There are 2 protein chains.
Amino acid sequence: MYQTFLNLEVEKQHKIINSALKEFSINNYDTASTNKIIKDAKISKGILYHYFGSKKNLYLYLYEYVTTIFIDAINSRLDLEEPDIFKRYEQIMTIKLELIKQYHTFFDFLKKTYIETSLEVRSELDQYNLTLQNSSYDSVFAGIDYDLFHKNIDSKKAIDTIRWVTDGISDRYEERLKSNVDNSEAFNQLLEQCMEEANDYFQFLKQLVYKNTKR
Amino acid sequence: MYQTFLNLEVEKQHKIINSALKEFSINNYDTASTNKIIKDAKISKGILYHYFGSKKNLYLYLYEYVTTIFIDAINSRLDLEEPDIFKRYEQIMTIKLELIKQYHTFFDFLKKTYIETSLEVRSELDQYNLTLQNSSYDSVFAGIDYDLFHKNIDSKKAIDTIRWVTDGISDRYEERLKSNVDNSEAFNQLLEQCMEEANDYFQFLKQLVYKNTKR
DNA sequence: TATCAATTGACCAACCTGGTCAAATTATAT
DNA sequence: ATATAATTTGACCAGGTTGGTCAATTGATA
């Protein structure tokens, strides 16, 4: 499956993938148009169907492709030796924001797949997610030392709070970062600003929930 | 404008409004179909255009309609005498979740308007939002007593944290609540469970950031 | 030169779009 | 009962789109 496509030079593969991602990011599955994709990728209609067989196969191929790249990127960069949950979150946040720079179209596409409702693909997406779930989420937080929390602290609530604060700050910057992917200087400045703000909040929370810190 | 529409008995108005909201919630502005709307509302094509003049006018009418109802609902139920920010957030959350029960289609529609990009309507949405912004967000937090925070606490960070935790818990329940709008018993049970969880977290945070509380 | 894979794009039938308008129906006033 | 006015209908329009097919062309390989 997809063998003829994979025999293409990678640049041509990327061009097709990016055109398809763009179209599926703007529209939902049903309204996304294969005609727009081939026009943007400058390939013929016939060859797209030769590569992928159907619109559905193309879509599912993209989903596997994108998730695989993200999971690999995270796994390769995360330092599981770090026991401090704040530092671990700092890592996750940095990785995520840097991935935006390289792969911002992937984020848009993934966001759409979350809310995709078309009967044509929904169940396949869910099924594939199941096979991922086991491996991914838990391992990201392997090796965290929960004894760093003050003994009176409900660590579950503390962890939730840290996650929500992290997400909140991410959201605050995500859109602005996306619109600056082509301006390296502005992007890096924003990223630095974001991480600084995150660390401020981490310091604030650490002081509240960690041992050996004063109010 | 819209006078003939407003002369209709309210039930018929609601039927049309709900059909339109449904269609604009599933699709974006450009792909939403007036034909689907009239079919669902069981009215003729001509009369829809007699009422609203154009697809654009219909869409903007819906936006004004929905936001007005939400703002009125919040303003009428919020107790601005309550100085405790946790209790204020408890109120906001309760109001919001109860609004889901009555108006869950409104939420879906509003979510779509946030991300609507069609040139046909984007600028009009933004312009209308500007006229709202002044009046709404600030007044929701009027009368909060920031002296309740412990003196060493950065109250801005604390407030952000409270908001993010509130949103996090809301998100956790929102989808489940939406899918139970027609089952009053299950809905109320979920709502209760949600508020209980929220209060647990509020207690947790209060203990961390308020005066006169021990770790 | 012959074989086979890659690639093209015209073509298909089916369907949809926002909007119009002459005609039919219903309500109101005399 | 009649005339006028307001409401409502739905067939119709021209112009588009769609996912998918397939005979024909091109390019590579042996």
Side-chain angles (χ1 to χ4, degrees), chain A residues 1-17 19-63 116-122 124, chain B residues 1-17 19-63 116-122 124:
Chain A
M1 191 80 112
Y2 314 128
Q3 199 48 57
T4 36
F5 176 70
L6 294 170
N7 286 340
L8 259 41
E9 20 185 331
V10 282
E11 284 135 54
K12 197 169 179 187
Q13 285 183 39
H14 286 167
K15 196 173 178 187
I16 295 168
I17 286 172
S19 298
L21 284 176
K22 205 199 288 178
E23 179 64 10
F24 282 119
S25 300
I26 299 170
N27 305 101
N28 58 38
Y29 176 79
D30 287 321
T31 55
S33 154
T34 52
N35 289 322
K36 293 239 183 76
I37 293 170
I38 59 153
K39 204 173 160 190
D40 190 80
K42 282 164 187 147
I43 57 168
S44 72
K45 191 69 171 284
I47 202 63
L48 184 78
Y49 278 83
H50 183 55
Y51 291 152
F52 297 100
S54 70
K55 187 184 180 182
K56 180 176 172 177
N57 276 346
L58 167 61
Y59 184 81
L60 295 175
Y61 175 83
L62 290 174
Y63 190 61
E116 182 57 59
T117 54
S118 170
L119 298 173
E120 197 107 19
V121 293
R122 184 65 262 168
E124 266 90 349
Chain B
M1 192 81 115
Y2 315 126
Q3 199 47 58
T4 37
F5 175 70
L6 294 170
N7 287 341
L8 258 43
E9 22 187 330
V10 284
E11 286 133 52
K12 196 168 181 188
Q13 286 183 40
H14 286 166
K15 195 171 180 190
I16 295 168
I17 286 172
S19 299
L21 285 176
K22 205 199 289 175
E23 178 65 9
F24 283 120
S25 300
I26 299 170
N27 305 100
N28 58 38
Y29 176 79
D30 288 323
T31 55
S33 154
T34 52
N35 289 320
K36 293 237 184 76
I37 294 169
I38 59 155
K39 203 172 160 189
D40 190 80
K42 281 163 188 147
I43 57 169
S44 72
K45 192 69 170 287
I47 201 63
L48 183 77
Y49 279 83
H50 182 56
Y51 290 153
F52 297 101
S54 70
K55 188 185 182 184
K56 180 176 173 179
N57 276 345
L58 167 61
Y59 183 81
L60 295 175
Y61 174 83
L62 291 174
Y63 190 62
E116 182 57 60
T117 54
S118 170
L119 297 173
E120 197 106 22
V121 293
R122 184 65 263 170
E124 265 90 350

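Labels below follow one simple rule: chain letters A, B, ... track the order of the sequence lines, proteins then strands, and each chain is numbered from 1. Keep in mind that what you see is a predicted model, and the values were worked out from it rather than measured.
Remark: C1' of C:dA6 and OH of A:Tyr49 are 18 Å apart, rounded to the nearest angstrom. Taking atom OH on A:Tyr2 and atom P on C:dA6, their separation rounds to 17 Å, with Å as the unit. Atom C1' of nucleotide D:dG20 and atom OH of A:Tyr51 are separated by 17 Å, given to the nearest angstrom. Rounded to an integer number of Å, the gap from CD1 of A:Ile47 to C1' of D:dT25 is 13 Å. For A:Asp30 and C:dC16, the CG to C1' distance is 14 Å, given to the nearest whole Å. The nearest whole Å value for the distance from the NZ atom in A:Lys45 to the C1' atom in C:dA6 is 18 Å. One interatomic measurement links the two molecules: CD1 of B:Ile43 to P of C:dG19, which rounds to 14 Å at whole-angstrom precision. In this structure, B:Ile37 atom CD1 and C:dC16 atom C1' are separated by 14 Å, rounded to whole Å.
When the side-chain nitrogen and oxygen atoms of B:Ser44 are compared with OP1 and OP2 of D:dG10, none of them lie within a distance under 4.0 Å. Not one side-chain nitrogen or oxygen of B:Asn35 sits closer than 4.0 Å to the OP1 or OP2 atom of C:dC16. Remark: A:His50 is in phosphate contact with C:dA6, judged by side-chain N or O atoms under 4.0 Å from OP1 or OP2. Between B:Thr34 and the phosphate of C:dG18, there is a side-chain N or O to OP1/OP2 separation shorter than 4.0 Å.
Among the protein residues, B:Lys55 comes within range of the sugar-phosphate backbone only, with heavy atoms under 4.0 Å from sugar or phosphate atoms but none that close to a base.
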- [ ] Would you sort out whether B:Phe24 and B:Glu116 count as a side chain to side chain contact (heavy atoms under 4.5 Å, CB included), showing the intermediate values?
- [x] CA-CA 10 Å; B:Phe24 283 120; B:Glu116 182 57 60; over 6 Å; no

Open item on the list: Does B:Ile47 form a side chain to side chain contact (heavy atoms under 4.5 Å, CB included) with B:Phe52? I'd like the steps, not just the answer.
Closed with: CA-CA 9 Å; B:Ile47 201 63; B:Phe52 297 101; over 6 Å; no

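Mapping B:Leu48 and A:Ser54 onto DNA chain D by nearest heavy atom places B:Leu48 at the nucleotide closer to the 5' end.
Electrostatic pairing of B:Lys55 and B:Glu120 does not count as a salt bridge here, judged by no charged N lying under 4.0 Å from a carboxylate O.
For an aromatic pair to be called close, the ring centres must be under 6.0 Å apart, and A:Tyr2 with A:Tyr51 fails this. Separation of the A:Phe5 and A:Tyr61 ring centroids falls under the 6.0 Å cut-off.
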